[in-house]
Amino acid sequence: DVKVTQSSRYLVKRTGEKVFLECVQDMDHENMFWYRQDPGLGLRLIYFSYDVKMKEKGDIPEGYSVSREKKERFSLILESASTNQTSMYLCASSVAGTVLVNEQYFGPGTRLTVT
Amino acid sequence: AQSVTQLDSHVSVSEGTPVLLRCNYSSSYSPSLFWYVQHPNKGLQLLLKYTSAATLVKGINGFEAEFKKSETSFHLTKPSAHMSDAAEYFCVVSEVRNSGAGSYQLTFGKGTKLSVIP
(Lines give C-alpha, C1' and ligand atoms only; values in the text may rest on other atoms or scores of the structure.)
Protein backbone atom coordinates (compact mmCIF):
# COMPACT_ATOMS: atom_id res chain seq x y z
CA ASP A 1 0.00 0.00 0.00
CA VAL A 2 1.04 3.54 -0.71
CA LYS A 3 1.95 5.38 2.40
CA VAL A 4 2.20 9.13 2.75
CA THR A 5 3.36 10.33 6.14
CA GLN A 6 3.48 13.81 7.57
CA SER A 7 5.88 14.75 10.32
CA SER A 8 3.33 16.07 12.79
CA ARG A 9 -0.40 15.65 13.34
CA TYR A 10 -0.69 18.79 15.44
CA LEU A 11 1.57 21.82 15.57
CA VAL A 12 1.33 25.10 17.47
CA LYS A 13 3.58 27.98 16.44
CA ARG A 14 3.88 31.66 17.22
CA THR A 15 3.38 34.50 14.76
CA GLY A 16 6.60 35.25 12.88
CA GLU A 17 8.16 31.82 13.39
CA LYS A 18 9.57 29.87 10.48
CA VAL A 19 7.63 26.62 10.15
CA PHE A 20 8.59 23.43 8.32
CA LEU A 21 6.04 20.77 7.42
CA GLU A 22 7.52 17.54 6.15
CA CYS A 23 5.96 14.92 3.92
CA VAL A 24 7.40 11.57 2.90
CA GLN A 25 5.99 9.00 0.47
CA ASP A 26 7.26 5.47 0.02
CA MET A 27 6.00 4.55 -3.46
CA ASP A 28 8.54 6.32 -5.68
CA HIS A 29 5.90 8.76 -6.95
CA GLU A 30 7.06 11.58 -9.19
CA ASN A 31 4.37 14.09 -8.22
CA MET A 32 3.86 15.55 -4.78
CA PHE A 33 1.41 18.19 -3.59
CA TRP A 34 0.65 20.47 -0.67
CA TYR A 35 -2.91 21.58 0.05
CA ARG A 36 -4.58 23.50 2.81
CA GLN A 37 -8.05 22.57 3.93
CA ASP A 38 -10.40 25.08 5.56
CA PRO A 39 -14.03 24.56 6.57
CA GLY A 40 -16.40 25.45 3.77
CA LEU A 41 -13.56 26.02 1.28
CA GLY A 42 -12.55 22.46 0.42
CA LEU A 43 -8.93 21.83 -0.50
CA ARG A 44 -6.81 24.47 -2.16
CA LEU A 45 -3.51 23.71 -3.84
CA ILE A 46 -0.51 25.59 -2.47
CA TYR A 47 2.38 24.09 -4.46
CA PHE A 48 3.20 20.95 -6.30
CA SER A 49 6.32 19.25 -7.61
CA TYR A 50 6.61 16.90 -10.57
CA ASP A 51 10.28 16.04 -10.09
CA VAL A 52 13.17 16.56 -7.73
CA LYS A 53 14.03 20.25 -7.45
CA MET A 54 11.05 21.13 -9.67
CA LYS A 55 8.09 23.02 -8.31
CA GLU A 56 5.09 24.87 -9.56
CA LYS A 57 2.78 27.32 -7.81
CA GLY A 58 -0.73 26.28 -7.09
CA ASP A 59 -3.70 28.50 -6.42
CA ILE A 60 -2.59 30.05 -3.12
CA PRO A 61 1.24 30.11 -2.94
CA GLU A 62 1.58 33.46 -1.17
CA GLY A 63 3.37 33.17 2.16
CA TYR A 64 4.64 29.66 1.41
CA SER A 65 7.65 28.06 -0.22
CA VAL A 66 8.58 24.43 -0.85
CA SER A 67 11.63 22.25 -1.16
CA ARG A 68 12.12 18.92 -2.87
CA GLU A 69 15.71 17.72 -2.59
CA LYS A 70 14.86 14.02 -2.69
CA LYS A 71 12.15 12.25 -4.62
CA GLU A 72 10.40 10.88 -1.55
CA ARG A 73 10.34 14.08 0.50
CA PHE A 74 8.45 17.33 -0.06
CA SER A 75 8.65 20.13 2.48
CA LEU A 76 6.33 23.08 2.94
CA ILE A 77 7.86 26.18 4.52
CA LEU A 78 6.08 29.08 6.11
CA GLU A 79 8.76 31.77 6.13
CA SER A 80 7.02 33.89 8.75
CA ALA A 81 3.90 32.29 10.12
CA SER A 82 0.77 34.38 10.45
CA THR A 83 -2.55 33.68 12.14
CA ASN A 84 -4.33 33.41 8.78
CA GLN A 85 -2.18 30.36 8.05
CA THR A 86 -3.88 28.43 10.82
CA SER A 87 -5.31 25.49 8.91
CA MET A 88 -5.16 21.78 8.13
CA TYR A 89 -2.33 20.99 5.72
CA LEU A 90 -2.52 17.90 3.55
CA CYS A 91 0.25 16.35 1.52
CA ALA A 92 -0.41 14.04 -1.44
CA SER A 93 1.52 12.11 -4.05
CA SER A 94 0.79 10.47 -7.40
CA VAL A 95 2.60 8.76 -10.24
CA ALA A 96 3.53 10.75 -13.33
CA GLY A 97 2.53 9.90 -16.87
CA THR A 98 -1.15 10.23 -17.61
CA VAL A 99 -1.82 12.56 -14.74
CA LEU A 100 -5.43 13.07 -15.69
CA VAL A 101 -6.33 9.58 -14.54
CA ASN A 102 -3.96 9.08 -11.67
CA GLU A 103 -5.37 9.28 -8.20
CA GLN A 104 -3.60 11.16 -5.49
CA TYR A 105 -2.71 9.48 -2.22
CA PHE A 106 -3.08 11.66 0.84
CA GLY A 107 -1.32 11.84 4.16
CA PRO A 108 -3.30 12.19 7.42
CA GLY A 109 -2.77 15.94 7.60
CA THR A 110 -1.09 18.39 9.96
CA ARG A 111 -3.31 20.73 11.92
CA LEU A 112 -1.31 23.92 12.35
CA THR A 113 -2.31 26.62 14.81
CA VAL A 114 -0.52 29.96 14.70
CA THR A 115 -1.00 32.11 17.80
CA ALA B 1 -11.27 27.62 -16.25
CA GLN B 2 -12.78 24.74 -14.41
CA SER B 3 -14.95 24.67 -11.33
CA VAL B 4 -16.83 22.24 -9.14
CA THR B 5 -20.05 22.87 -7.25
CA GLN B 6 -21.25 20.51 -4.58
CA LEU B 7 -24.86 21.44 -4.23
CA ASP B 8 -25.31 20.48 -0.58
CA SER B 9 -22.92 21.32 2.23
CA HIS B 10 -24.66 18.83 4.54
CA VAL B 11 -26.81 15.77 3.86
CA SER B 12 -28.51 13.69 6.52
CA VAL B 13 -29.99 10.23 5.85
CA SER B 14 -31.29 7.36 7.93
CA GLU B 15 -29.34 4.13 8.04
CA GLY B 16 -30.52 1.80 5.28
CA THR B 17 -31.89 4.57 3.04
CA PRO B 18 -30.33 5.75 -0.24
CA VAL B 19 -27.59 8.35 -0.42
CA LEU B 20 -27.36 11.06 -3.08
CA LEU B 21 -24.54 13.60 -3.05
CA ARG B 22 -24.75 16.07 -5.90
CA CYS B 23 -21.89 17.52 -7.93
CA ASN B 24 -21.86 19.78 -10.97
CA TYR B 25 -18.72 20.81 -12.82
CA SER B 26 -17.58 23.09 -15.58
CA SER B 27 -14.53 22.40 -17.69
CA SER B 28 -12.98 23.67 -20.89
CA TYR B 29 -11.76 20.23 -21.92
CA SER B 30 -12.69 16.62 -21.34
CA PRO B 31 -12.09 16.29 -17.63
CA SER B 32 -11.40 13.44 -15.32
CA LEU B 33 -13.68 13.39 -12.30
CA PHE B 34 -13.16 11.89 -8.86
CA TRP B 35 -14.95 11.45 -5.58
CA TYR B 36 -12.87 11.35 -2.41
CA VAL B 37 -14.00 10.62 1.14
CA GLN B 38 -12.50 11.95 4.36
CA HIS B 39 -13.35 10.34 7.66
CA PRO B 40 -12.80 12.40 10.81
CA ASN B 41 -9.11 13.04 11.52
CA LYS B 42 -8.05 11.05 8.48
CA GLY B 43 -6.60 11.86 5.08
CA LEU B 44 -8.62 11.70 1.87
CA GLN B 45 -9.29 8.35 0.23
CA LEU B 46 -10.33 7.81 -3.37
CA LEU B 47 -13.86 6.42 -3.75
CA LEU B 48 -14.05 6.29 -7.53
CA LYS B 49 -12.92 8.02 -10.72
CA TYR B 50 -14.27 8.74 -14.20
CA THR B 51 -11.76 8.85 -17.04
CA SER B 52 -13.89 8.89 -20.25
CA ALA B 53 -14.60 5.17 -20.26
CA ALA B 54 -17.95 3.91 -18.92
CA THR B 55 -20.23 6.71 -17.75
CA LEU B 56 -21.42 4.70 -14.75
CA VAL B 57 -18.51 4.24 -12.40
CA LYS B 58 -18.47 1.84 -9.48
CA GLY B 59 -16.29 2.54 -6.49
CA ILE B 60 -15.48 1.13 -3.10
CA ASN B 61 -17.95 0.47 -0.29
CA GLY B 62 -20.95 0.22 -2.64
CA PHE B 63 -20.75 3.77 -3.98
CA GLU B 64 -21.22 4.64 -7.63
CA ALA B 65 -21.44 7.76 -9.75
CA GLU B 66 -22.81 8.57 -13.17
CA PHE B 67 -21.15 11.02 -15.53
CA LYS B 68 -23.77 13.01 -17.45
CA LYS B 69 -22.13 15.31 -19.95
CA SER B 70 -25.37 16.98 -21.01
CA GLU B 71 -26.07 17.95 -17.41
CA THR B 72 -22.40 18.49 -16.45
CA SER B 73 -23.07 16.38 -13.39
CA PHE B 74 -21.28 13.62 -11.52
CA HIS B 75 -23.57 12.70 -8.63
CA LEU B 76 -22.52 10.10 -6.06
CA THR B 77 -25.03 7.47 -4.93
CA LYS B 78 -25.32 4.47 -2.68
CA PRO B 79 -28.45 2.31 -2.38
CA SER B 80 -28.31 1.84 1.38
CA ALA B 81 -26.44 4.03 3.88
CA HIS B 82 -24.36 2.52 6.65
CA MET B 83 -23.23 4.22 9.83
CA SER B 84 -19.63 3.95 8.66
CA ASP B 85 -20.46 6.16 5.64
CA ALA B 86 -20.66 9.23 7.86
CA ALA B 87 -17.82 11.42 6.56
CA GLU B 88 -17.08 14.37 4.32
CA TYR B 89 -17.15 13.79 0.56
CA PHE B 90 -15.31 15.82 -2.07
CA CYS B 91 -16.02 15.98 -5.78
CA VAL B 92 -12.87 16.75 -7.81
CA VAL B 93 -12.28 17.69 -11.44
CA SER B 94 -8.93 17.36 -13.17
CA GLU B 95 -7.74 18.79 -16.44
CA VAL B 96 -4.50 19.79 -18.07
CA ARG B 97 -3.11 23.19 -17.26
CA ASN B 98 -2.12 25.49 -20.06
CA SER B 99 1.34 25.98 -18.64
CA GLY B 100 3.99 23.81 -17.06
CA ALA B 101 5.59 20.59 -18.19
CA GLY B 102 3.02 17.84 -17.85
CA SER B 103 1.18 19.77 -15.20
CA TYR B 104 -2.51 19.68 -14.58
CA GLN B 105 -5.07 21.34 -12.41
CA LEU B 106 -7.07 19.59 -9.73
CA THR B 107 -10.06 21.52 -8.42
CA PHE B 108 -11.88 20.37 -5.29
CA GLY B 109 -15.46 21.07 -4.40
CA LYS B 110 -16.15 22.56 -0.99
CA GLY B 111 -17.29 19.22 0.39
CA THR B 112 -20.53 17.61 1.56
CA LYS B 113 -20.79 16.29 5.10
CA LEU B 114 -22.87 13.14 5.26
CA SER B 115 -24.58 12.27 8.53
CA VAL B 116 -26.19 8.87 8.99
CA ILE B 117 -28.95 8.59 11.59
CA PRO B 118 -29.38 5.21 13.32
Side-chain angles (χ1 to χ4, degrees), chain A residues 1-6 8-10 21 23-25 29-61 88-111, chain B residues 1-6 8-10 23 25 27-54 57 59-60 67 87-113:
Chain A
D1 282 351
V2 175
K3 194 164 186 182
V4 180
T5 57
Q6 296 183 229
S8 305
R9 292 299 303 272
Y10 300 93
L21 303 182
C23 175
V24 177
Q25 49 94 4
H29 284 172
E30 290 79 10
N31 300 326
M32 296 189 75
F33 309 82
W34 275 107
Y35 295 89
R36 64 176 282 175
Q37 182 181 14
D38 300 289
L41 296 179
L43 273 72
R44 292 178 291 167
L45 181 64
I46 304 171
Y47 268 97
F48 70 97
S49 168
Y50 49 90
D51 201 352
V52 175
K53 297 190 186 294
M54 305 302 289
K55 61 185 179 184
E56 190 158 329
K57 291 180 180 179
D59 299 317
I60 52 165
M88 171 71 85
Y89 290 87
L90 293 169
C91 175
S93 72
S94 74
V95 298
T98 53
V99 292
L100 283 179
V101 305
N102 288 323
E103 71 173 283
Q104 293 186 9
Y105 295 85
F106 284 83
T110 296
R111 187 169 294 282
Chain B
Q2 60 185 28
S3 66
V4 178
T5 302
Q6 290 185 242
D8 305 293
S9 58
H10 189 214
C23 173
Y25 72 93
S27 175
S28 305
Y29 306 98
S30 296
S32 292
L33 293 157
F34 307 80
W35 276 98
Y36 280 83
V37 60
Q38 185 180 34
H39 288 93
N41 299 314
K42 296 282 181 67
L44 274 72
Q45 180 186 17
L46 181 70
L47 270 180
L48 49 81
K49 61 184 178 185
Y50 166 77
T51 57
S52 75
V57 182
I60 61 172
F67 173 71
E88 189 160 21
Y89 293 79
F90 293 93
C91 182
V92 185
V93 61
S94 171
E95 66 178 18
V96 175
R97 274 181 187 262
N98 290 326
S99 61
S103 63
Y104 67 101
Q105 183 172 348
L106 208 65
T107 301
F108 283 76
K110 291 181 169 42
T112 299
K113 284 191 177 173

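Labels below follow one simple rule: chain letters A, B, ... track the order of the sequence lines, proteins then strands, and each chain is numbered from 1.
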Minimum-distance pair of heavy atoms, taken over all atoms of A/E103 and B/K49: N-NZ, 4.4 Å

Part of B/E88 lying under 4.5 Å from any heavy atom of chain A: side chain

Proximity breakdown for B/Q38 and chain A, heavy-atom pairs closer than 4.5 Å: side chain

Pairwise distance CZ(B/F34) to CD(A/Q104) - rounded to 0.5 angstrom: 7.5 Å

Top of B/Q6, B/Q45, B/K110, B/K113 for chain A proximity - count of heavy-atom pairs under 4.5 angstrom: B/K110

Residues in side chain to side chain donor-acceptor pair (under 3.5 Å) contact with A/R44, at least two apart in sequence or another chain: A/D38

Heavy-atom contact with chain B under 4.5 Å, split by part of A/Q6: neither

Region of A/L90 in contact with chain B, defined by heavy-atom distances below 4.5 Å: side chain

Residues which pass side chain to side chain donor-acceptor pair (under 3.5 Å) with B/Y36, listed by chain and number, not counting sequence neighbours: none

